[in-house]
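Data block below; observations after.
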Amino acid sequence: MRYWLLKSEPDTFGIADLAKAKASTTSWEGVRNFQARNMLRDEIKAGDLAFFYHSSCPEPGIAGIVEVVRGGYPDASAWRRGSPYLDAKSPQNKPLWYTVDVRLQQRIEPLLSLAALRSHADGALADMLLLRRGNRLSVTPVSAAQWRFILSLMR
DNA sequence: GCCAACGTTGGC
DNA sequence: GCCAACGTTGGC
């Protein structure tokens, strides 16, 4: 089993929305980047754990922990009428984009801020993709060591 | 709102 | 296959 970090803009879908969702579960729809798509489709499996990260907001950071309850499957938002994620290049019979289902395991309150993570950028989190300059990927792998270290920051 | 970084597109 | 133009991301 593996660990991940999933970014979302809280204005669009934040940890509070996940907490309110049916069975605290949501489909991680709308990823439209090929590198991230490949991870959703091929690598992320049921049973994996992920940090739920808030981006593009006043206080970016890790807002919760989610469990993957369904691995990669076609993202229906690409062909759903009226969807903001509509993509004509991804018809139902030839899906281009993929999603996974995640269930809220634990909210992190207060949120573990990006600044707090960054303060370890020269140490335990030196290789963390999130902290890399120019990183924009909305799905990134997290190593077991990074995962454990970040959990220790939450206590 | 600014701007650096990076992905995608499309002409050649 | 190259690369300029353009769009998007996301912290600040």
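Quick note: numbers below take in every heavy atom, side chains included, and nothing from hydrogens, waters or symmetry partners. Within every chain, numbering begins at 1; the chains are lettered A, B, ... in the order of the sequence lines, protein sequences first and strands thereafter. No experiment lies behind these values; they were computed from the predicted model shown.
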### Task
Classify the side-chain pair A/S77/A/R32 by whether it contains a donor and acceptor separated by less than 3.5 Å.
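Looking only at side-chain atoms, A/R32 and A/S77 do form a donor-acceptor pair, the distance falling under 3.5 Å.
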
What's the [atom1]-[atom2] distance between [X] and [N], to the nearest Å?
X	N	atom1	atom2	answer
A/L129	B/dC6	CG	P	12 Å
A/L5	C/dG10	CG	C1'	14 Å
A/L130	C/dG10	CG	P	10 Å
A/L131	B/dA4	CG	P	21 Å
A/L96	B/dT8	CG	P	11 Å
A/H54	C/dG10	NE2	C1'	15 Å
A/D87	B/dT9	CG	C1'	14 Å
A/Q35	B/dG7	CD	P	6 Å

### Message
Are there over 12 heavy-atom neighbours, none belonging to A/Q35, within less than 6.0 Å of that residue's CD?
### Response
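For A/Q35, atom CD is not crowded (no more than 12 foreign heavy atoms under 6.0 Å).
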
Among the nucleotides [options], which one has an atom lying closest to any side-chain atom of [X]?
X	options	value
A/F34	B/dT9, B/dT8, C/dG11	B/dT8
A/Y53	C/dG10, C/dG11, B/dG7	C/dG11
A/R136	B/dT9, C/dG11, C/dG10	C/dG10
A/K7	B/dG7, B/dT8, C/dG10	C/dG10
A/L114	C/dG10, B/dT9, C/dC12	C/dC12

#### Entry: Heavy-atom donor-acceptor pair, A/S8 side chain to A/F13 backbone, under 3.5 Å
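At least one qualifying donor-acceptor pair exists.
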
### Task
Give the cluster check for A/I62 versus A/I65: same hydrophobic cluster or not, with ILVMFWY residues linked at side-chain heavy-atom distances below 4.5 Å.
yes

### Message
B/dA4, OP1 or OP2 - any side-chain N/O from A/R132 closer than 4.0 Å?
### Response
no

### Message
Are A/Y85 and A/W79, when compared by the centres of their aromatic rings, separated by less than 6.0 Å?
### Response
no

### Task
Check every strand shown and say whether A/R32 touches a base, only sugar-phosphate, or nothing at a heavy-atom separation below 4.0 Å.
nothing

